[in-house]
Amino acid sequence: MRGILASSIGVTCAAALALPFAPPAAASASSASSAGAPAPVADVATRTAGTADARADVPGSTRSLPLRPLTRDRASGAVLGLTPRTVRPFSLLGVVWDDPSADLHGRVQVRTRAAGSGEWTDWQDVETHYTQHGADPDSSEAATGKVRGATAPLWVGESDGVEVRVLPQAGDPEDVDPVDTGPDEGASGGEGAGEGGEVSTLPAGMRLDLVDPGEAVPGEFAEGAEEPRTGVMTAAAQAASAANSALVPLGATHIPSLTAEETRKELVTLRGTELTEQQQAKPYIGPRPSIVTRRGWGADESLREKSFVYTSKVKAAFVHHTASGNNYSCSQAPSLIRGFYRYHTKSLGWRDIGYNFLVDKCGRIYEGRAGGVAKPVKGAHTMGFNSKTTGIAVIGSYGSKKPSSKAVKAVARLTAWKLGLHGMNPKKKTSLTSAGGNLYAKGTKVKMKVISGHRDGFNTSCPGGKLYKKLSSVRSKAAEYQGR
């Protein structure tokens with residue numbers, strides 16, 4: 001997957017439209033000079049690329065800005081990017097390109113201007129290897145013709161200015177943790193030079209996508225709330241909510257936790273005759289944790305494909321990190337998830353958000369891909385091993401930063417329950433068949449730990465070294481929750 005694709009960036013970046021937005025010139029000039037950079041331009045070049053929503057009532061938006069050859073300053077080594085510019089407010093960004101099989105050999109760095117203070121951040125690295133989180137090769141989701149390559153999304157908070165630079169390099173970068181990356185003191189002006197716009201080691205069609213996740217709709221989930229949200233629901237919203245009808249009423253914003261005994265009774269109701277006599281007599285399953293539903297975090301159900309796709313059962317859980325940085329508050333987590341959801345569907349062309357579940361640093365668990373939290377929904381999280389597995393992403397970057405104890409405990413609680421629904425022991429191994437990837441060829445049978453990290457199924461740094469080291473304790477704790 002990490003092949004080098006020769007391409008001409010100059011042709012790709014030719015077409016552009018002007019954004020009809022610009023804050024007062026004085027404010028722009030002031031904020032730019034305080035950062036020691038040129039004043040952001042008012043006539044922002046952009047291309048919608050089919051990502052901007054035409055309906056005004058749809059919360060959030062996505063805008064695309066084509067990256068261009070940088071010729072003003074070669075000091076940083078950058079050959080492609082964007083000069084400082086003013087844009088409409090956004091909170092999450094990522095770089096996208098045309099071919100999902102093309103890998104980006106190099107670094108992507110960004111800096112943004114806070115909408116409130118007008119201050120520019122230091123340069124931050126964006127994780128460039130991300131599409132391995134996607135659908136299995138040759139699957140219907142991968143074969144739509146809509147799927148694109150991309151970096152990981154980076155959460156930057158509400159911002160109204162952006163600058164980008166792409167620095168090609170030989171070999172792959174080490175595990176990049178955007179939130180822990182300091183300023184590049186060698187950079188001056190944030191631009192580099194390309195020769196005639198030709199960049200042989202970068203994918204074609206590179207562009208920056210700026211994501212506004214939208215405001216929370218009235219009635220969004222609040223800590224301790226158990227009442228269903230009232231109001232009119234679209235057909236798609238009803239379908240997503242109804243997928244959890246065996247657990248909670250239609251329109252529920254969260255699925256409450258259950259005691260161990262309540263969970264065992266529910267298991268018999270959910271699985272019934274599928275359970276063996278031994279499982280009915282002594283089911284090993286952890287107490288059901290509290291889970292914020294898609295309605296709770298404010299999913300716009302019009303963004304996803306209408307149907308749900310299931311696999312036969314869940315034999316393993318793959319743990320991920322979102323590689324989106326750690327600079328977020330737990331109250332912002334629903335906004336981050338709405339941003340990931342829009343990035344996965346509108347920018348990357350996936351059928352829905354890729355993960356089955358997400359966990360924030362305060363230990364709150366969120367429903368990911370639609371289809372029902374107790375059902376074996378097929379995700380797009382571990383390329384080659386999406387069948388018979390579930391994907392759990394801890395929100396943040398954990399290459400050099402330790403995950404919170406609350407997040408680790410939540411992953412243990414979630415896996416104890418989810419794997420227990422299918423009689424899986426968190427401390428054991430199971431057999432999975434690869435659908436194709438850079439570690440295991442298609443059709444290869446692999447013995448995998450029932451709770452594995454993304455890197456166990458694909459050659460990637462995900463879920464970050466610090467989180468990966470916690471998986472041993474997750475397995476032990478999950479087994480304990482199951483009563484083993």
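Both backbone and side-chain heavy atoms feed into the values below; hydrogens, waters and symmetry mates do not.
Taking 4.5 Å as the limit, some side-chain heavy atom of S159 sits within range of a side-chain heavy atom of F90. The shortest distance between side-chain heavy atoms of E266 and R264 does not fall below 4.5 Å. Side-chain atoms of I255 and T293, non-hydrogen and from C-beta on, do get closer than 4.5 Å to each other. Taking the side chain as every heavy atom from C-beta outward, Y341 and E301 approach each other to under 4.5 Å. Between V314 and K388 there is no side-chain heavy-atom pair separated by less than 4.5 Å. At least one side-chain heavy atom of D212 sits under 4.5 Å from a side-chain heavy atom of S61.
The heavy-atom pair separating L432 from A316 by the smallest distance is CD1-CB, 4.1 Å. Between S290 and H254, the closest heavy-atom pair is OG-CD2, 3.1 Å. In terms of heavy-atom proximity, I395 sits nearest to Y398 at O-OH, 2.9 Å. In this structure, P213 and G339 approach most closely via the heavy-atom pair CB-N, 3.7 Å. Considering every non-hydrogen atom in both V147 and G349, the closest pair reads CG2-O, 3.8 Å. Across all non-hydrogen atoms, the minimal contact from A236 to R304 is O-NH2, 2.8 Å.
Ring geometry, Y130 versus W350: the interplanar angle falls under 30°, so the pair is classed parallel (tilted spans 30 to 60°). Note: F385 and F318 have tilted aromatic rings, judged against thresholds of 30 and 60 degrees for the angle between ring planes. Classified by interplanar angle (parallel below 30°, tilted 30° to 60°, perpendicular above 60°), the ring pair H320/H381 is perpendicular.
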Go through it in stages, so that I can follow the logic: the residues are L250 and S241, the test is side chain to side chain contact (heavy atoms under 4.5 Å, CB included), and I'd like the CA-CA distance, side-chain angles, deciding distance and then a yes or no. CA-CA 6 Å; L250 189 70; S241 184; 3.6 Å; yes
Check the pair D352, R294 against salt bridge (Lys or Arg N to Asp or Glu O under 4.0 Å), reporting the backbone distance first and the verdict last. CA-CA 12 Å; D352 195 349; R294 290 172 64 90; 3.2 Å; yes
Is there a side chain to side chain donor-acceptor pair (under 3.5 Å) between R351 and S307 once you walk through the steps? CA-CA 9 Å; R351 63 177 294 113; S307 61; 3.0 Å; yes
Intermediate values then yes/no, side chain to side chain donor-acceptor pair (under 3.5 Å), S473 and R475: CA-CA 5 Å; S473 61; R475 297 180 190 106; over 6 Å; no
For side chain to side chain donor-acceptor pair (under 3.5 Å), just list the numbers for Y284 and N425, CA-CA rounded to whole Å, side-chain angles, deciding distance to a tenth of an Å, and then say yes or no. CA-CA 8 Å; Y284 290 102; N425 185 338; over 6 Å; no
Go through the steps to decide whether R207 and D98 satisfy the test salt bridge (Lys or Arg N to Asp or Glu O under 4.0 Å), and finish with yes or no. CA-CA 9 Å; R207 53 196 179 272; D98 296 339; 3.0 Å; yes
Give the C-alpha distance, both sets of side-chain angles, the deciding distance and a yes or no for side chain to side chain donor-acceptor pair (under 3.5 Å) between S335 and Q332. CA-CA 5 Å; S335 292; Q332 291 176 312; over 6 Å; no
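Cation-pi geometry between K361 and Y328 is satisfied (NZ or CZ under 6.0 Å from the ring centre, within 45° of the ring normal).
Remark: the N244 side chain and the E367 side chain contain an N/O donor-acceptor pair separated by less than 3.5 Å. S64 and D209 share a donor-acceptor pair across their side chains, judged by distance under 3.5 Å alone.
Among L267, T276, V268, the one residue that satisfies the side chain to side chain contact (heavy atoms under 4.5 Å, CB included) test with P283 is L267.
A salt bridge links E480 to K477: one of the charged nitrogens lies within less than 4.0 Å of a carboxylate oxygen. Here D136 does not pair with K442 in a salt bridge; the nearest charged N to carboxylate O distance is not below 4.0 Å.
Annotation: the span from T62 atom OG1 to L303 atom CG amounts to 8.0 Å, rounded to 0.5 Å. M383 contributes atom CE, which lies 9.0 Å from atom CG of N438 (distance to the nearest 0.5 angstrom). Rounding to the nearest 0.5 angstrom, the gap separating the CG atom in L439 from the CZ atom in R455 is 11.0 Å.
Around the NZ atom of K313, the shell of radius 6.0 Å holds more than 12 heavy atoms that belong to other residues, nucleotides or ligands.
Ring centers of H133 and F458: at least 6.0 Å apart, outside the cut-off. Not less than 6.0 angstrom separates the ring centroid of W417 from the ring centroid of Y481.
For K315 (side chain) and S431 (main-chain N/O), a donor-acceptor pair under 3.5 Å exists by modelled atom type. In this structure a side-chain-to-backbone donor-acceptor pair under 3.5 Å is present from Q482 to A416. At distances below 3.5 Å, not a single donor-acceptor pair connects side-chain atoms of R113 with backbone N or O atoms of T121. A donor-acceptor distance shorter than 3.5 angstrom exists from the side chain of Q238 to the backbone of M233, with no hydrogens or angles considered.
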